[in-house]
Amino acid sequence: MQGKLVLIDGHSILNRAYFGVPDLTNSQGLHTNAVYGFLNIMFKILDEEQPDYFAVAFDLHAPTFRHKMYDAYKGTRKPMQEELREQVPVMKEMLTAMGVPLMMLEGYEADDLLGTAAKKAEADGLTVSIISGDRDLLQLATDRTKIRIPKTKKGKTEIEDYNTAEVVEKYMVTPPQIVDLKALMGDASDNIPGIPGVGEKTAGKIISEYGSIENAYAHVEEIKPNKAKESLREHYDLAQLSKKLAKINTESPFTLDMEQAKMGNLFTQEAFELCKKLEFRNILPRFSCDAPSDSVSDSFAVVTDLSEAEEVFVRAQKSGEIGFSLLTEQGELFGLALAPDEEHVYFIKKEGFLTEGYLTEKCLQLLQEGRMAYTIDLKEQLAFLRAGISDRAKIADAAIGAYLLNPLKGQYPCEDIAKDYASLMIKGRAELFGKAPLAKVMEEQPEELAQYACYLAYTAKAAMPVILQKLRENQMLELFRDMEMPLVYTLYDMQEVGIRVNAQELKAYGEELYVRIVELEQEIYRDAGEEFNINSPKQLGVILFEKLKLPGAKKTKSGFSTAADVLEKLAPDYAIVAKILEYRQLAKLKSTYADGLAGFIAADGRIHGTFNQTITATGRISSTDPNLQNIPVRTELGRLLRKVFIAKEGYVLIDADYSQIELRVLAAMSGDETLIAAFRDNADIHRLTASQVFHIPFDEVTPLQRRNAKAVNFGIVYGISAFGLSEDLHISVKEAGEYIDKYFQTYPKVKDFLDNAVKEAKEKGYAETLFHRRRPVPELKSGNFMQRSFGERVAMNSPIQGTAADIIKIAMIRVNERLRAEQFQSRLILQIHDELLIEAEPSEVEAVKELLAQEMVNAVHLSVAMEIDMKTGNSWYEAH
DNA sequence: TGGGTCACG
DNA sequence: ACGTACGTGACCCAG
């Protein structure tokens, strides 16, 4: 027989992949990183070796599969991590689906099977490669059996190859002598005890000189150093036992069926399905047998003349459900992609008679005629459509739907939606065009761009029915239709209106900061005795804790912690630390806010940020470019910045915020009578909590007690832990635990509610809001205590934070719609989680306040009423 | 690009 | 024994 056999040590490579690849989970919460890493290593090897035969060995039982570094340090055995364990059967399923034989035999370890198969194959005339992370296998190396050990260096996988020569070169012993070597030095991860006091160096010296343990023992008097001599004498039996353990049995009764091991097509339909289920997007393109993209794109056509375009629109008009996408960037329209049905997809290029006006008018016509219309990223297209859309209910955004089905992904590009909901593998924009702006792509790759646009429309058309069905199954259709889709328009409107900023004042603010920053810089350098980069936590840590030897050093991964809570403890005693804290505060205000915001002021003197609807895990909105949801307020200096956020000429700002929305939601969702009554009576909730938890008359609560109670209330909402509370309040964990116990005694139904939230999330796999918004919590399945605890806190927090987010979404949609429908000049301009900011025409102020109160308070009717606070002013500073 | 830090709710 | 509060985004540094 001729040819090449490749064997993989399954558990070893899976283990290596597990620790080498960052944690991945699919949308069902199944951990997939080890399988993913294994496949990548496997493909790399197979590409390189092009073997004729291929098989993977597994131990039949792997109860103590473990992380070697950890064990070496701890000196204990630990059960295999749950996240890894659950991937073993998946890996086997994948290999089986690929037609790869699994080498397993009761009573033998994978090592033995590998050794046996390699020896036999070599005797039959094959060359052999064994892939493993385990250096024990080096004993199997020969001139025709190569041991290949993958190593991760700087994120890249490099493979070390060992035939006889390489083993001799690196270890100064022959492969069979590796057994003796291991027996002497021991191996914690394989439970080989070895000889105490003999390490790698000494063992190497002994074996290269005497050839074997037996011979070394025969010449034991000559062995140096003395320590090793004594130890070998004393532990000779241990050495023999170790040798037995280290020796791989190449005579096991295992035989590898070479017919089964013959390399075939790995990329079977079953393997494809499994990869899809595991969401291995990067691996899927290897399945060339399944290339629906080619057949789909056959139905794509580019349209550049008027009569053809008219025909397309006629065809679209006959369809009851179309996919569409206006290809646009930075206010410029490039064309319209239309998918009247899945067999006909067109990209109508903006060109000649096909003007922007024509395309948008035709598109609107289709949207107005009552058919369902599906797209991806509607908000991006609204610049051309907003004014003309009359029946919003017929338009659905697939990206928003995909977000609701799995809000953990963070991004919902067309290619992901195509893969997840239309079983279609396509290339994404980044892959096709990188970061090039569309205008440039249009010049250089017009055909590819047209095809990409067609995919947008096609994917929307093909995926949306699937998405809607899943939403229906999850009882999320109302959430989608009545909350998230209308919100698209609200957010677009807010972005469009923007907020006015006084550029001169902002500049002046920045300059004042600069003066003080320079002063502080000089003083800090003087105190430190040298100049350094204060902005570098690394350099700062060295100055403070090494040069100046300040106490209280805490370590982070990469050096000393210089976080504010550490520095604050030192500030009273060390002037330099106080100055650094002030410097930090000012530097932050200057770089992020004074300078940062200035760059976003548009020609109209306003900032038009972006509100993102598909980012957060809980259902909140996020704000970017710039982030207008984290404008300073907590310190006076920072708060002053809000003076530059002003209403347009002659207008005022109205700020309305929900009072204690999350605690009210908690009260309502838990049904706790005490808490509900407290809100009904409009009590000071933190003071009340303090009086009940600490058993003090309401009027005698001290400010400190109130502050502590407030922290407990926050903690409850965050998913309480005694440790977290103790950190926050600077008290002992024990004390914090007592506070929590007392809190739960006071509000027993809150405890029931939180316990139940965790229980339900564990059963269902997700946490849920009052409006059926879901957040998957895969961490609850983790075998890792820390991760699981995190999952529990998430399960407690998400329904509360998420329900509050739902409520304000309802309110802001209604406020925006009423302002516009009732012909107000006033406009909604910002949302900051529990707060709405309105730019109001002065004569409308009273009516708008009334409107705000109505819509915010009546957004939901729970057993606890929602209350709001409102204020009016010329700037955000005054209004809040 | 990831970590540290810090701004907000 | 483990080592944390929940949710975000921007800036800076270092490799």
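Remember, predicted model here, so these are calculated numbers, not experimental data. Letters A, B, ... mirror the listed sequences (proteins, then strands); counts begin at 1.
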Would you indicate what Glu727(A) reaches in the nucleic acid, counting non-hydrogen atoms under 4.0 angstrom: base, sugar-phosphate, or nothing? nothing
Nearest-neighbour nucleotide for the His833(A) side chain, dA14(C), dG9(C), dG9(B) considered: dG9(B)
Look at Arg584(A) and dG4(B) and indicate whether a side-chain polar atom (N or O) is within less than 4.0 Å of OP1 or OP2. no
Any side-chain N or O of Arg620(A) less than 4.0 Å from the OP1 or OP2 oxygen of dG9(B)? no
Output the single nucleotide from dT8(C), dC6(B), dT5(B) whose closest atom is nearest the side chain of Thr556(A). dT5(B)
Just checking Ser789(A): base, sugar-phosphate only, or nothing, at a heavy-atom cut-off of under 4.0 Å? nothing
Closest to the side chain of Asn627(A), out of dC13(C), dA7(B), dG9(C), is dG9(C)
Regarding the side chain of Thr562(A), the nearest nucleotide among dA7(B), dT5(B), dG9(B) is dT5(B)
Measure distances between side-chain N and O atoms of Thr616(A) and base N and O atoms of dT8(C), and say whether any donor-acceptor pair falls under 3.5 Å. no
By the 4.0 Å heavy-atom rule, please label Asp834(A) as base, sugar-phosphate, or nothing. sugar-phosphate
Same-atom distance (C1') from dG3(C) to dA7(B), integer angstrom: 26 Å
Could you please name the option among dG9(C), dC6(B), dA5(C) that lies closest to any side-chain atom of Ala563(A)? dC6(B)
Base, sugar-phosphate alone, or nothing: which one does Gly719(A) contact when heavy atoms must sit under 4.0 Å apart? nothing
How would you label the contact of Ala587(A) with the nucleic acid (heavy atoms, under 4.0 Å): base, sugar-phosphate, or nothing? nothing
Do NZ/NE/NH1/NH2 and the carboxylate oxygens of Glu582(A) and Arg516(A) come within less than 4.0 Å? yes
Minimum-distance nucleotide (side-chain atoms of Arg634(A) versus dG7(C), dC8(B), dA5(C)): dC8(B)
Which value, in whole Å, describes the distance between the C1' atoms of nucleotides dC6(B) and dC2(C)? 28 Å
Can you tell which of Arg773(A), Arg774(A), Glu760(A) makes a side-chain hydrogen bond (donor to acceptor under 3.5 Å, both in side chains) with Tyr766(A)? Arg774(A)
Less than 3.5 Å apart, any donor N or O on the side chain of Arg775(A) or Thr769(A) sitting next to an acceptor on the other? no
The nucleotide from dG4(B), dA7(B), dC12(C) with an atom nearest the side chain of Ser591(A) is dC12(C)
Does Ser536(A) have a side-chain nitrogen or oxygen under 4.0 Å from the phosphate oxygens OP1 or OP2 of dA14(C)? yes
Given atom CD of Glu792(A) and atom C1' of dC6(C), what is their separation to the nearest angstrom? 15 Å
Give Arg775(A) one of three labels, base, sugar-phosphate or nothing, depending on what nucleic acid heavy atoms sit under 4.0 Å from its own. sugar-phosphate
Taking only the side-chain nitrogens and oxygens of Gln539(A), find out if one of them lies under 4.0 Å from OP1 or OP2 of dA14(C). yes
Send over the distance from Lys809(A) NZ to dG9(B) P, rounded to a whole Å. 19 Å
Does the separation of the ring centres of Tyr743(A) and Tyr739(A) fall below 6.0 angstrom? no
For Asp672(A), does its backbone N or O pair with a side-chain atom of Ser670(A) as donor and acceptor, under 3.5 Å? yes
With respect to the phosphate group of dC13(C), does any side-chain polar atom (N or O) of Asn533(A) fall under 4.0 Å of OP1 or OP2? yes
Can you see if the side chain of Ser558(A) gets near the phosphate of dG3(B) - specifically, an N or O under 4.0 Å from OP1 or OP2? no
To the nearest Å, how far apart are Asn784(A) CG and dT4(C) P? 11 Å
Below the 4.0 Å mark, does dG3(B) have OP1 or OP2 next to a side-chain nitrogen or oxygen of Lys538(A)? no
Take the protein atom NZ of Lys590(A) and the nucleotide atom P of dA10(C), then report the distance between them rounded to whole Å. 19 Å
Whole-Å gap separating C1' (dC6(B)) and CD (Glu582(A)): 16 Å
Paired with dG3(B) by Watson-Crick or G-U wobble geometry, both distances under 3.5 Å: which nucleotide is it? dC12(C)
Have a look at Ala617(A) and say if it touches a base, only the backbone sugar-phosphate, or nothing, with a 4.0 Å heavy-atom cut-off. sugar-phosphate
Ser798(A) backbone acceptor or donor facing Thr618(A) side chain under 3.5 Å: no
Rounded to the nearest angstrom, tell me the gap between atom CD in Glu662(A) and atom P in dA5(C). 17 Å
Measure CZ/Arg773(A) against P/dC6(C) and give the value in whole Å, please. 20 Å
Please check the phosphate of dG7(C) (OP1 and OP2 only) for any side-chain N or O of Ser798(A) closer than 4.0 Å. no
Is there a side-chain polar atom (N or O) of Thr624(A) under 4.0 Å from OP1 or OP2 of dG9(C)? no
Quick one: label Ile631(A) by what it contacts on the DNA or RNA (base, sugar-phosphate, nothing), any heavy atom closer than 4.0 Å. sugar-phosphate
What is the separation between atom CD on Glu779(A) and atom P on dT4(C), rounded to the nearest whole Å? 15 Å
Any side-chain donor-acceptor pair under 3.5 Å between Asp869(A) and Ser659(A)? no
Checking contacts here: which listed nucleotide (dA5(C), dA10(C), dG4(B)) is nearest the side-chain heavy atoms of Pro537(A)? dG4(B)
Can you tell which of dC8(B), dT4(C), dA10(C) lies closest to the side chain of Met786(A)? dT4(C)
Would you indicate which nucleotide in dA10(C), dC12(C), dC8(B) comes nearest to any side-chain atom of Thr592(A)? dA10(C)
Report the base-pairing partner of dA1(C) (Watson-Crick or G-U wobble, both distances below 3.5 angstrom), or none. none
Got a salt bridge between Lys809(A) and Glu484(A), using NZ or NE/NH1/NH2 to carboxylate O under 4.0 Å? yes
Looking only at side chains, do Thr635(A) and Gln585(A) share a donor and an acceptor under 3.5 Å apart? yes
Classify the nucleic acid contact of Phe714(A) as base, sugar-phosphate or nothing, counting any heavy atom under 4.0 Å across all strands shown. nothing
Counting any heavy atom closer than 4.0 Å, what does Leu725(A) reach on the DNA or RNA strands: base, sugar-phosphate only, or nothing? base
Determine the contact category for Ala711(A): base if any of its heavy atoms lies under 4.0 Å from a base atom, sugar-phosphate if only primed atoms, P, OP1 or OP2 are that close, otherwise nothing. base
